[in-house]
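Each remark here refers to the structure printed beneath this line.
Reckoned from all heavy atoms, side chains included, excluding hydrogens, waters and symmetry mates. Every chain is numbered from 1 and lettered A, B, ... according to where its sequence line falls, protein lines coming before strand lines. Fair warning: this is a prediction, and the values are worked out from it, not measured in the lab.
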Amino acid sequence: MEYKVKIDSFEGPLDLLLHLIQQLEIDIYDIPAAEITNQYLMYVNTMQQLELDVASEYLVMAATLIAMKSRSLLPDHESDEEDFMDEEDPREELARRLLEYKRYKEAAEKLHELEEERAKVHSRPPADKLFESNAEGPLHVSIFDMLGAFQKMTRRKKLAVPPKATVRREELSVEKRMHALKEKLRSAQSPILFDDLFDSHERDELVISFLAVLELMKQNEIVVSQNGNFADLYVTAGGNDDEK
Amino acid sequence: MMRNKSIIESLLLAAGDEGLTADQMAAVLEMSTEETVTLLEEMAEDILQDETRGVMITSFGMEYRLMTKKENAEFIERLAEKPSPKTLSQAALETLAIIAYNQPVTRIEVEEIRGVKTERPIATLSARGLIEEAGRADAPGRPILYATTPEFLDAFGLKELAELPPLEEGEATAQQEADLFFGRFEEALDEQS
Amino acid sequence: MMRNKSIIESLLLAAGDEGLTADQMAAVLEMSTEETVTLLEEMAEDILQDETRGVMITSFGMEYRLMTKKENAEFIERLAEKPSPKTLSQAALETLAIIAYNQPVTRIEVEEIRGVKTERPIATLSARGLIEEAGRADAPGRPILYATTPEFLDAFGLKELAELPPLEEGEATAQQEADLFFGRFEEALDEQS
């Protein structure tokens, strides 16, 4: 893969010029053509000495500056009114471009601050069951919607579960899980979504939970119900209330 | 009313970072959108003031969302599995700023302002879902026009484009100086005649 | 103490359905687990009693989680029944992006990336014809592998998968090269002066 080396952290000839103007404490409306051109060329020459790929924009700007410098060296013997009105001072054109670029460079800095502030706040993933009912009608989404959703996801924080798998494994038992499940169902007034009984992605845990559910079903401690094919399974505490 | 606040909090928690519009919540609550917005604003203010609360109700883009309070960011970072995603490069931010303030805009126009090629930053911004194609310009070659996406508002915590920080009035200043100059120029002309 | 409650609420929100253990929160708060549990129980009770609140703190197994209050379940159902203003929900779009960029991929892998259950989004995308089964993974349980369909390309205006915009733009590398250059440039300047 090939990367064009950017000149320092400069975003192009305008950025480099702004830097030089600031460094030399020059008035942007009254740029000393000779000085700025010399400084700029020194920069570009150094890049070439270092055998770096100098982007063509830098060379175009160098040519512009040289033209500006030579013009400034000419005696302005012919500056009658008409010439003055027709021909814009190239320094004015440059100042205009620099000022315009500077506005957006500053706006970019503000955006960066907003981006950092935004990165400090987090939410959680939307509940699985929201808004999935309208699977009909024409699809009005673009690739940008998809990429946007993906970015939203990458901004989400995933908080780490401590690596305590070994400690946990000792605690795993079907019996304990059965107790935990019964507790959960008893404290819940309404049926619980079957999926919510499986709150871990670890295979051992899932297996233990599943065995516990099967055992509880066998003992009539819990009832699993479903409203139709592919509908969600709901679990309720069974009628057999002999645990106390 | 208390019940409605409770329901709103439930809805916002369930919606997570997808968020909900006031319209969506109003439909569920069987209230008008105005009443819902009033309630949301009241809740947002109460929650913000309550020091025991670690969440806040925000609206980035059209959606209201329940999010963690900014001042708790460092505590969340301590448990975060991964560092925050990379922030945008300077080139991408400049390009984004030019697009945001001038949309819809062509790549050539962006390049004129930046003074450099801008293909790569535009590709990055597209890949991040921050900008999208918004038709074609009525110009030779019919170049693609770019505009920001709703995700742009979200990524920068903005409610709407109007919330973008105002651009520095660089041109206005130049214009003022030009006016000043022409004023003096005309005076000089007057004196001559 | 008020601050700690705020931090706990932030952590629980950010943790989502995965939840957090008292140990994890204690580590962040620099408190003992016992103190943290006491605080959590106090918060859980207060929130449960507060009629304006729509969330509750539950503990299942080791994990504490922020969940919606049961009595508001019907309102969440109502919301789920309302068609989304967008044709695909964020959950579906996230899932689609993960499948598109990682295909073929199992549901568990998608869930690991998203951090939430993903059955419904997968069902929606299948019903929409945007994804399809593409064999089985060579793993325990031989889980189903998912891939995008030709309709996916069609719906998003792509000719082939290779046209998907790359997610990473390698900016970091370019930045490193630039830094390297700048270092050398400064050296060169020092030598000149």
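- Contact detail for B/A97 and A/A108: the closest heavy-atom pair is CB-N, 4.0 Å.
- For A/S56, no part lies near chain B; criterion is any non-hydrogen pair under 4.5 Å.
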Can you give each donor-acceptor pair under 3.5 Å made by side-chain atoms of residues 154-161 of chain B, sequence neighbours left out, with the distance rounded to 0.1 Å?
residue	atom	partner	partner atom	Å
B/D154	OD1	A/R118	NE	3.3
B/D154	OD1	A/R118	NH2	2.7
B/D154	OD1	A/R155	NH2	3.3
B/D154	OD1	B/R65	NH1	3.4
B/D154	OD1	B/R65	NH2	3.3
B/D154	OD2	A/K152	NZ	3.4
B/D154	OD2	A/R155	NH2	3.1
B/D154	OD2	B/R65	NH1	3.2
B/D154	OD2	B/R65	NH2	3.3

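- The shortest side-chain heavy-atom distance between B/T149 and A/S142 does not fall under the 4.5 Å cut-off.
- Counting heavy atoms from C-beta outward, A/S123 and B/T68 have side chains that stay 4.5 Å or more apart.
- Of the listed residues (A/A95, A/A149, A/P125), the one with the most heavy-atom contacts under 4.5 Å to chain B is A/P125.
- In terms of non-hydrogen atom pairs under 4.5 Å with chain B, the most contact-rich of A/V60, A/L14, A/L111, A/I143 is A/L111.
- Residue A/K110 comes nearest to B/P166 through the heavy atom pair NZ-O, 3.5 Å, listed as atom of the first residue, atom of the second, then distance.
- When each of B/I131, B/N72, B/L164 is checked for heavy-atom pairs under 4.5 Å with chain A, B/I131 comes out on top.
- For chain B, the nearby part of A/E106 is the side chain; its heavy atoms alone come within less than 4.5 Å.
- For the residue pair A/E11 and B/V116, the shortest heavy atom distance occurs at O-CG2, 3.1 Å.
- Residue A/L147 comes nearest to B/S126 through the heavy atom pair CD1-O, 3.2 Å, listed as atom of the first residue, atom of the second, then distance.
- Contacts with chain A (heavy atom to heavy atom, under 4.5 Å) involve these residues of residues 41-60 of chain B, listed by number: B/M56, B/F60.
- The contact list for residues 20-28 of chain A toward chain B, using heavy atoms and a distance under 4.5 Å, is empty.
- The candidate from B/M67, B/K117, B/E74 with the greatest count of non-hydrogen atom pairs under 4.5 Å with chain A is B/M67.
- Between A/Q151 and B/R128, the shortest heavy-atom contact is CG-O, 2.9 Å.
- For residues 104-114 of chain B, the interface with chain A (any heavy-atom pair closer than 4.5 Å) comprises B/E112, B/I113, B/R114, sorted by residue number.
- B/L167 and A/A107 get closest at one heavy-atom pair: CD2-CB, 3.7 Å.
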